[in-house]
2 protein chains.
Amino acid sequence: MESGLKPMDAEQLRECGHKMVDFIADYYKTIETIPVLSQVEPGYLHKLLPDSAPTQPESFQSVLDDVKAKILPGVTHWQSPNYFAYYPSNSSIAGFLGEMLSAGVNIVGFSWITSPAATELEMIVLDWLGKMLKLPEDFLSSGQGGGVIQGTASEAVLVVLLAARDKVLGRVGKNSLEKLVVYASDQTHSALQKACQIAGIHPQNFRVLKADSSTNYALSPDLLSETISHDVDMGWVPFFLCATVGTTSSTAIDPLLPLGKIAKKNGIWFHVDAAYAGSACICPEYRHYLDGVEEADSFNMNAHKWLLTNFDCSALWVKDRNALIQSLSTNPEFLKNKASQANMVVDYKDWQIPLGRRFRSLKLWMVLRLYGLENLQCYIKNHIDLAKYFEGLVAGDSRFEVVSPRIFSLVCFRLLPPDDNEDVGNKLNHDLLDAVNSTGRAFISHTVLSGKYILRFAIGAPLTEERHVAAAWKILQDEASALIGVP
Amino acid sequence: MESGLKPMDAEQLRECGHKMVDFIADYYKTIETIPVLSQVEPGYLHKLLPDSAPTQPESFQSVLDDVKAKILPGVTHWQSPNYFAYYPSNSSIAGFLGEMLSAGVNIVGFSWITSPAATELEMIVLDWLGKMLKLPEDFLSSGQGGGVIQGTASEAVLVVLLAARDKVLGRVGKNSLEKLVVYASDQTHSALQKACQIAGIHPQNFRVLKADSSTNYALSPDLLSETISHDVDMGWVPFFLCATVGTTSSTAIDPLLPLGKIAKKNGIWFHVDAAYAGSACICPEYRHYLDGVEEADSFNMNAHKWLLTNFDCSALWVKDRNALIQSLSTNPEFLKNKASQANMVVDYKDWQIPLGRRFRSLKLWMVLRLYGLENLQCYIKNHIDLAKYFEGLVAGDSRFEVVSPRIFSLVCFRLLPPDDNEDVGNKLNHDLLDAVNSTGRAFISHTVLSGKYILRFAIGAPLTEERHVAAAWKILQDEASALIGVP
């Protein structure tokens with residue numbers, strides 16, 4: 001059958017689909033034992049694959065064999081329980097099933113008419129998730145706002161930056177682009193810098209405000225206020241503020257309420273990026289970190305990070321959907337249809353950069369239904385408990401220090417520099433990271449805070465249990481001993 | 001088991017995965033019999049689903065039941081053999097398997113290190129596809145260029161527009177944005193207009209050059225040349241030209257060679273959009289439509305349209321990858337790693353808008369291997385033959401006319417206006433479209449060419465056979481008879 005695979009055929013799809021399910025299930029059975037960080041050399045795959053596509057079809061089995069022998073060794077296993085780098089990017093059974101179904105029907109939901117269910121389910125599940133996060137009502141679809149699934153937080157911040165840009169240009173004149181100013185702390189994700197580049201905001205018009213250990217790397221409202229006043233006096237036009245709940249380096253939390261009030265007073269679009277930590281805010285005990293979100297114009301969290309929804313699924317809510325639509329809509333003849341022309345429906349093509357879009361709400365819907373709110377809260381809390389456990393382990397070894405306060409499931413720590421020599425300390429921690437990652441038995445990443453090289457231990461893979469955290473700590477201790485000796 | 005679904009568990013994934021495969025295979029068994037265009041009313045789903053997410057988990061079976069009863073009626077079935085609207089968006093067995101595998105491993109391949117295989121396989125299969133299209137060597141990864149998978153053609157044209165913008169601003173000064181001018185015919189996809197909006201190019205700086213039936217809606221090199229000369233005389237800075245091979249309205253083909261020479265002479269970035277028709281150019285007899293692509297700076301085709309690769313998979317090649325990287329790179333501390341810092345690898349995050357990216361090369365690789373070049377060529381030719389067949393049917397009914405020359409698998413046609421009254425004719429064709437689509441037995445779309453309302457019959461769904469084309473034509477004839485009587 002296989003060499004005669006048709007483009008589409010129900011029974012062939014069934015047969016191959018079952019094989020692929022088994023292949024993936026078997027992958028998860030052994031995932032714990034394979035190197036989490038791929039240990040291949042650059043260019044490895046080029047040597048293993050032919051230079052051109054085959055003229056004749058090959059068998060499915062030969063492709064699966066190649067996946068196993070040639071592809072998987074080059075994969076860094078984000079779903080491994082030994083994955084502690086960057087931030088998690090969850091897969092789950094429910095998310096995987098949703099991706100399968102979405103790929104199965106393979107619709108392109110740019111306008112309502114091209115699959116009404118895709119648009120309507122997305123509005124509904126974003127309302128569900130918005131309520132789980134206790135977002136203010138004006139972010140829900142019943143009013144002037146609403147939620148939309150973007151690919152990534154980068155796209156989320158870009159589309160709201162564009163909406164804000166075009167709104168302010170409408171007020172101050174379209175030739176004033178060079179006067180527009182953006183504000184954020186130096187802990188803000190690089191996605192904002194990239195969005196500015198794309199939107200034509202000059203780098204020098206991006207006020208990167210310093211945050212340091214005195215505020216636990218949160219943006220100071222006083223500093224923001226002073227900077228805006230000075231800019232206004234100089235004739236600049238402040239128009240966009242991005243605050244973060246859970247920064248990428250250290251999970252710092254910008255104080256939303258005072259920042260939002262400053263933004264409002266100055267007519268500035270206020271965006272809140274909670275890409276990672278947003279998931280934790282479905283738990284009552286962490287929700288207070290979002291206090292002040294009622295002052296925001298837009299709010300973003302990535303369900304694909306820590307909420308069991310396969311990549312990509314970045315949830316964005318706005319209070320004024322028309323601002324997005326004003327900036328991003330096009331209305332070519334070939335897409336006109338009754339429902340759109342009558343303004344009876346949402347066409348998500350006008351809320352995003354691309355035209356086409358996948359049926360991503362299916363996976364989020366399946367995650368929320370198949371796990372339910374309480375299980376999702378337990379899932380988050382369990383990871384945070386594991387992070388507390390790791391924090392305790394670090395604190396119990398005098399060679400190490402926890403660097404900034406642990407808030408969620410990320411622990412920032414380092415080997416203490418010998419003789420307070422920060423340069424030597426930085427080199428040492430760099431070498432420790434390298435040594436640990438080279439074992440293939442744990443994968444961690446790093447950042448730099450106030451000039452110090454810091455190790456990041458981010459817990460959040462669905463399969464991670466206490467024993468994996470303990471084992472990773474053992475590796476860290478052993479490699480540290482190899483570098484500087486036992487305590 | 002199901003109410004106790006774990007976040008991830010190999011055996012639970014296996015059990016549910018098999019059920020989902022059967023569900024999707026069964027979907028394809030009945031797809032032909034269900035209405036291709038969803039017939040639901042706006043807001044239908046809101047009435048069927050609860051207002052908030054469940055607190056406790058629900059069973060997988062109850063979700064599948066809801067998919068069947070509540071979601072599928074709101075789906076417009078792009079994979080139905082009766083789908084002839086817009087352009088196709090192919091699913092295939094191979095593409096579906098690739099999506100499954102990608103969702104299964106669920107990696108995020110922004111940098112080489114985060115999954116070397118994801119980056120390297122993408123470079124390799126884009127080289128394969130580039131060779132299948134006989135692209136000039138400087139688009140391949142061995143030189144200064146290379147290919148990358150974007151989500152959509154909209155993102156492809158946006159990233160090259162940004163690269164071109166920043167390149168020319170580097171030459172003429174960063175405050176010259178308002179002087180930059182873009183060129184394309186009025187048949188160009190609205191994605192270019194949107195890219196200009198995003199990049200801060202003023203609408204009046206986008207020269208929308210008229211194309212009409214005298215050139216079969218292709219852009220005239222003379223008109224381009226004159227317009228550029230005039231702009232240069234007036235102090236404008238021409239910097240970007242987009243040509244299309246296979247426009248969305250009518251598959252018009254801009255003459256790449258003369259256009260490219262004009263672009264080169266004027267130092268303009270030349271982008272070729274072959275989103276739909278690019279797939280046909282893997283056949284020797286259609287490759288000549290790409291003649292002149294050697295003059296282009298960038299070339300794009302959507303493997304997710306007509307090359308059996310599930311959405312999304314938009315292939316973009318550039319000759320100068322550094323131009324992209326200059327525009328789109330960021331280098332935050334938390335992403336630094338040995339391989340990237342040593343400049344030994346490609347980091348695709350710097351070739352695209354988002355940071356995160358899925359392992360999309362898997363599905364393209366599986367399509368190319370499981371079908372092979374010859375089968376893919378046959379697949380394309382079969383659709384084109386079916387379009388010729390449909391063209392013949394239209395020509396045989398004196399009430400209709402074929403409007404612009406059929407080149408690939410799209411037929412543009414209409415009911416002739418009674419008494420040469422174009423207004424009445426437009427209304428008539430609009431009503432015919434509505435009547436046909438309301439049957440649920442075929443889905444076609446429309447465009448407007450030179451003020452005439454035109455019906456578009458685009459063949460390209462993997463399951464479409466001659467009998468489906470014949471049946472759709474019968475519906476068109478019957479509905480026409482109901483509107484204006486038998487011939």
Side-chain angles (χ1 to χ4, degrees), chain A residues 7-8 10 13-14 17 20-21 24-25 28-29 38 40 42 45 52-58 71 74-76 78 89 91-93 97 99-100 103-104 106-108 115-117 120 128 131 151-152 154 190 194 200 310 330 332-334 344-345 354-356 368-370 372-373 447-448 462, chain B residues 5 7-8 10 13-14 17 20-21 24-25 28-29 38 40 42 45 52-58 71 74-76 78 89 91-93 97 99-100 103-104 106-108 115-117 120 128 131 151-152 154 190 194 200 310 330 332-334 344-345 354-356 368-369 372-373 447-448 462:
Chain A
M8 180 49 73
L13 180 144
R14 194 189 307 273
M20 186 58 95
V21 167
I24 293 168
Y28 278 102
K29 280 186 85 151
S38 173
V40 299
L45 192 57
S52 55
T55 310
Q56 299 301 323
E58 301 181 53
I71 303 296
V75 167
T76 292
W78 287 64
S89 179
S91 182
S92 69
I93 300 173
L97 295 169
E99 281 285 9
M100 275 181 74
N106 200 50
I107 59 95
V108 188
S115 257
E120 298 199 7
W128 286 13
K131 289 174 188 171
T152 62
S154 309
S190 55
K194 186 157 174 171
N310 287 45
T330 55
E333 182 63 40
F334 52 84
M344 293 165 69
V345 293
L355 174 59
L368 299 184
R369 288 191 62 180
L370 292 177
L373 176 58
T447 189
V448 169
Chain B
L5 204 65
M8 181 50 74
L13 180 143
R14 192 189 309 272
M20 185 59 94
V21 166
I24 294 167
Y28 279 101
K29 282 187 84 149
S38 172
V40 298
L45 193 57
S52 55
T55 310
Q56 298 301 324
E58 301 182 54
I71 302 297
V75 166
T76 292
W78 287 64
S89 178
S91 181
S92 70
I93 299 173
L97 294 169
E99 281 284 9
M100 275 180 73
N106 199 50
I107 60 94
V108 187
S115 257
E120 297 198 9
W128 284 13
K131 288 175 188 172
T152 63
S154 308
S190 54
K194 187 158 174 169
N310 287 44
T330 54
E333 181 63 41
F334 53 84
M344 293 166 68
V345 293
L355 173 59
L368 299 182
R369 289 190 62 179
L373 177 59
T447 189
V448 168

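Chain naming here is simple, since letters A, B, ... match the order of the sequence lines and numbering starts at 1 in each. Quick caveat, the model's predicted, so the values are computed rather than measured. Heavy atoms only: backbone and side chains are in, while hydrogens, waters and symmetry mates are out.
Legend: residues meeting side chain to side chain contact (heavy atoms under 4.5 Å, CB included) with B/Ser38, ordered by chain and number and at least two apart, are A/Pro116, B/Val40, B/Thr76. Scanning for side-chain hydrogen bond (donor to acceptor under 3.5 Å, both in side chains) contacts around B/Ser89 gives an empty result, with sequence neighbours left out.
For the set A/Gly200, A/Pro54, A/Gly17, the entry with the most heavy-atom pairs within less than 4.5 Å of chain B is A/Pro54. Interface remark: of the candidates A/Ala103, A/Ser154, A/Pro42, A/Pro42 forms the most heavy-atom pairs closer than 4.5 Å to chain B. The candidate with the highest count of non-hydrogen atom pairs below 4.5 Å against chain A, out of B/Leu368, B/Thr330, B/Val108, B/Ile107, is B/Val108.
Rounding to the nearest 0.5 Å places OG of A/Ser52 at 9.0 Å from CG of B/Leu373. Atom CD of B/Glu58 and atom CG of A/Leu370 lie 8.0 Å apart (nearest 0.5 Å). Here the straight-line distance linking atom CG of A/Asn310 with atom CG of B/Asn106 works out to 4.0 Å at 0.5 Å rounding. The distance from the CD atom of B/Glu333 to the OG1 atom of A/Thr447 is 6.0 Å, given to the nearest 0.5 Å. Between B/Phe334 atom CZ and A/Ser190 atom OG the span is 4.5 Å, to the nearest 0.5 Å. Rounding to the nearest 0.5 Å places CG of A/Leu97 at 7.5 Å from CG of B/Leu5.
Both the backbone and the side chain of B/Val75 come within contact range of chain A, with heavy atoms under 4.5 Å apart. The part of B/Lys131 that comes within reach of chain A is its side chain, from C-beta onward, which places non-hydrogen atoms under 4.5 angstrom from that chain. Within the 4.5 angstrom heavy-atom criterion, only side-chain atoms of B/Thr152, from C-beta onward, approach chain A.
Counting heavy atoms from C-beta outward, A/Pro57 and B/Arg369 have side chains that stay 4.5 Å or more apart. Considering only heavy atoms from C-beta on, B/Lys29 comes within 4.5 Å of A/Arg14 through its side chain.
Residues B/Met8 and A/Pro462 come closest through the heavy atom pair CB-CB, 4.1 Å. Across B/Val21 and A/Val21, no two heavy atoms sit closer than the pair CG2-CG2, 3.6 Å.
At distances below 3.5 Å, at least one donor-acceptor pair connects side-chain atoms of A/Glu120 with backbone N or O atoms of B/Leu45. A donor-acceptor distance shorter than 3.5 angstrom exists from the side chain of B/Tyr28 to the backbone of A/Gly104, with no hydrogens or angles considered.
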Is there a side-chain contact (heavy atoms from CB on, under 4.5 Å) between B/Leu355 and A/Lys194 once you walk through the steps?
-> CA-CA 10 Å; B/Leu355 173 59; A/Lys194 186 157 174 171; over 6 Å; no
